[in-house]
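To start, the structure under review is shown below, and the notes come after it.
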Amino acid sequence: MNAVLDVQNLYLGVSQKRHYSPILNGVNLEIQRSQIHGLVGESGAGKSMLAKAILGILPSSTTIDKGYIHFKGNDLVGMPRYERRQLASRHIAMIPQDPMTSLNPVRRVGNQLGDVLRLHMKLNRTLAQERVLELLNDVQIRDPKRVVHQYPFELSGGMRQRVLIAMAFSCKPELIIADEPTTALDVTVQRQILQLIKQLQSETGTSVLFISHDLGVIAKICDHVSILHTGNVVEMQSAVNLFQNPRHEYTQNLLEITSHYYRFENTD
Amino acid sequence: MSFPFLLRRLVLVIPTLIGVSIIVFVLLRVVPGDPIMMMIPPGATEDDIDHLRQLYGLDKPILEQYLVWFSEVLKGDFGTSISLRQDVVELILSRLPATIELAVAAMFISVILGTSLALIGTFWSNQWPETIVDGFTGLNQAIPDFLWGLIFILAFGVLWPLLPVSGRIDPRINLDLVSQFYIVESLIRGEFSVFLTLIKHMIMPAIALALPLTAVIARSLKASLRETMTQDYIRMAQVKGFGPWRILIVEALRNAMIPTVALSGVQFNFLLGGTVLIERIFSYPGIGNMSIGAVIDRDLPLIQGLIITFAILFIVTNLVIDMSYRTLNPRVRNE
Amino acid sequence: MSEPTRSGRVHLSSLVRTWLGGIVIGLLILIAIFAPWIAPHDPLKQDLFSGLMAPFWLDNHDPAYLLGTDSLGRDVLSRLIYGTQIALVVAFIAASLAALLGTVLGLLAGYYGGWLDTVVSRLVEIWMAFPPVLLSIVLVAVIGTGLHSVVIAIVIIDWTRFCRVVRAETLVQREQEYISSAVSIGFERWTILWREILPNVLPLLVTLLTLEMGIAVIVEAILSFVGLSVSSDQATWGGLIQEGRQYVHSAWWVMSLPMICIIIAVLAFNALGDGLRTILDPVMRK
Ligand SMILES: Nc1ncnc2c1ncn2[C@@H]1O[C@H](COP(=O)(O)OP(=O)(O)OP(=O)(O)O)[C@@H](O)[C@H]1O
Ligand SMILES: [Mg+2]
């Protein structure tokens, strides 16, 4: 079997004041090894909820009612919390949407990176420090020696996202979940960050679940794409096929609306 | 922590201290009731009174009186205590260490206990431990330190005699300590039996003093911990697989402490002020106890000296709090 | 309050607490007013042959003295009932006056700014440097004992609590747009203060006032305890504590009962204040 992650028939809902509303209705999602898998859907479709379900950080008001999330021969849904944490945190990483709020404001950047290495790679303090410098270098941060001693508020948004990308790739995970990793950044930085993710992914062979509503971005970096609509994956195709030959009506509409923008993106 | 910052803070303190000195002076000289009348022994003649008046410079205009008094104060001379007939500064310095040890112990207890309660209440939020923490803080808002002191005396001194209820040390022990910092010195010298009796005497007054502040810290810290735990970087730490206690303590606590530290300045003043009654109740020989004695004896120079000592203590603690605020919060650290 | 389920619960329980606090305070007020009719004995009448009698649940009690007697044979229950009068009078009058003084200064400083604000802020800062308990004791010692000096002492010490909060809130309100629009219509300045700012700080003020009443009860008890409150032959909770402390080894209940009264009264004021804060705030801010 070549799938890294296999989500099967996942049902998920949220209860507020005894009122239950479903969010995902039997989602299927299969992510192949060493691929970037796009997940597209309108705002509120439940993309982030699906990501949170995989990462195990659903808010307490939400419940998984049915289905499986297969990862490395285990079902993450049914696993005891502690074992799940051990397995998932070691092999699944995350690139967050908002780099401004995703680093601890009172801890030095180097320590935050180093802690992750010490936890998962079992490095000692000095080795971790050296590795942090390499990692920052890999994400093209100039002057890593200075940056490790800085606090997040001293870095720009793009720099912080690079730090978070370094953190995501630091323990050689099998899967990285990137939930709209560029929406909070300005346009010039967006492009650099996308390139960086693409480059690191192809170097390391890690799989990426890339969430976005920007079809232009998806077209650029994804191998496969799933379309999420009304709580369901309505279409899953290779990126090339999807853009040339959309099967589902919803996808066709989506492409129609964004086609102008998409063509523009591709010509430059 | 830069030196210029400290210097600037110290300069800012000067107007406050001058203000305090003016109010102390005016309070005790201008209000109804002639201070001389407070001092004279019964049966003094008019001549005696005039003589006293001259002696204390009370026949001069009030502004001149203040300037004379303040220039003496600047030289470190608060005059002579009327009731104890000793130099005020010497008297205060001999009692100050006892109060400092008590107040520091109480602050230490309240910070440790308050933080622990906040952590427990957050870790098990919406479960019975949080209910207990909330109940404790609610109750503590209604029980001031001196009532706690009396409750302790009742419980552990009378109904279940466990601890000594008065003094700083067992009078039968002959002390050969050189400083008035008994606890510190006995620890340094390794005299643990002395240290133990000192702690036994101090534990009830220190906890009584500490409890109101404990509740304030627990309450405010728990609120900001709750807020902090919803932040994105906490979510990141969970994804990275750090344990829940580690996340609470390493990632959340320091962030959550920043607003709590900012508000604790005023609270420390209440704690310091609390020593006045607590020392009285436990017959603990510090400057708080001395203050009530001085008021009862109408000992003006001593009262003035004591109030200004308390004000200086307050200013110093606030300086320390300010500095720890800057250490905690990297954003303001290097300003 | 981000999670809706929780905020619902908080709101309900704060409503319950407000009612509880209000009811207890109402009862205390009734007790204070009808003290002469409720109290089984004259609180000052001594009976040296029946000193230090135990309360009803202990051995050695006299059914005539439900909560026992003090060392001079005065009925503890009656002294507690009459003590309610002093406690409440001080609580209401001192807290209201402190609120009045602090609010006026805070409003003026916050609204007019300039040198007035500088002076008031400096004063508050200096005030903070005094240990409050010591200051109150010194004040009463200087002014002389009696109900009025207790009230004066509390007002002089605690006006800053109101001033700080009201000043900060006024600064915020002043920045808001509707104030400037009111200015352009041409209201008099004090009318603006009165009509626009005061209603906005009112919820906060009511809460602070209620909490201050609890504090005033404690300060009165402290002063009685030190022997500086009202004249010593009047019944006060603090005075009874001080008396009880002297023979705590033989009659522990004499000290405990007034302590319980103080705690109940302060808890009730706090519950009312905290409850009012959660109830009034979102409504009034809308
Ligand atoms: N904490 C929460 N409690 C209750 N409902 C929530 C919560 N977070 C999200 N929802 C609901 O779940 C649904 C899916 O939200 P989700 O954040 O997964 O959407 P999304 O596809 O990521 O949208 P976007 O593109 O805007 O990020 C939405 O209808 C939202 O209202
Ligand atoms: Mg989302």
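By convention in this document, chain letters (A, B, ...) are assigned in the order of the sequence lines, proteins followed by strands, and residues within each chain are numbered from 1.
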Name every donor-acceptor pair, under 3.5 Å, that has one atom in a side chain of residues 251-270 of chain C and the other anywhere in the protein, sequence neighbours excluded.
from, atom 1, to, atom 2, distance (Å)
C/Trp253, NE1, C/Met53, O, 3.1
C/Ser256, OG, C/Trp252, O, 2.8
C/Asn270, ND2, B/Gln141, O, 3.2

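Atom CH2 of B/Trp124 sits in a crowded spot, with more than 12 heavy atoms from other residues, nucleotides or ligands closer than 6.0 Å.
Salt bridge status for B/Asp134 with C/Arg17: absent, with no side-chain N to carboxylate O gap under 4.0 Å.
The closest side-chain heavy-atom distance from B/Ile281 to C/Arg245 is below 4.5 Å. Proximity of B/Ile292 to C/Leu134: side-chain heavy atoms (C-beta onward) are nowhere separated by under 4.5 Å.
Ranked by heavy-atom pairs under 4.5 Å with chain C, the list B/Asn269, B/Leu272, B/Val276 is led by B/Asn269.
Looking at every heavy atom in both residues, B/Gly273 comes nearest to C/Pro131 through CA-CB, 3.6 Å.
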Query raised in the report: Step by step, would you call B/Leu277 with C/Val226 a side chain to side chain contact (heavy atoms under 4.5 Å, CB included)?
Result: CA-CA 9 Å; B/Leu277 273 178; C/Val226 185; 3.8 Å; yes
**Report entry** B/Leu147 vs C/Ile241, side chain to side chain contact (heavy atoms under 4.5 Å, CB included): CA-CA, chis, key distance, verdict
**Finding:** CA-CA 10 Å; B/Leu147 283 190; C/Ile241 293 179; 4.0 Å; yes
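Aromatic rings from B/Phe146 and C/Phe225 are positioned such that their centres are separated by under 6.0 Å.
In this structure, the portion of B/Leu159 lying under 4.5 Å from any heavy atom of chain C is its side chain and not its backbone. For chain B, the nearby part of C/Leu135 is the side chain; its heavy atoms alone come within less than 4.5 Å. With a 4.5 Å cut-off on non-hydrogen atoms, B/Leu150 touches chain C through its backbone and its side chain both. Residue C/Val133 touches chain B through its side chain alone, counting heavy-atom pairs closer than 4.5 Å.
Annotation: residues 214-224 of chain C contacts chain B through C/Ile218, C/Ala221, C/Ile222 [non-hydrogen atoms, separation under 4.5 Å]. Listed by sequence position, B/Ala311, B/Phe314 are the residues of residues 311-321 of chain B in contact with chain C, using a 4.5 angstrom heavy-atom cutoff. Contacts of residues 155-168 of chain C with chain B at a heavy-atom distance below 4.5 Å involve C/Arg161, C/Arg164, listed in sequence order.
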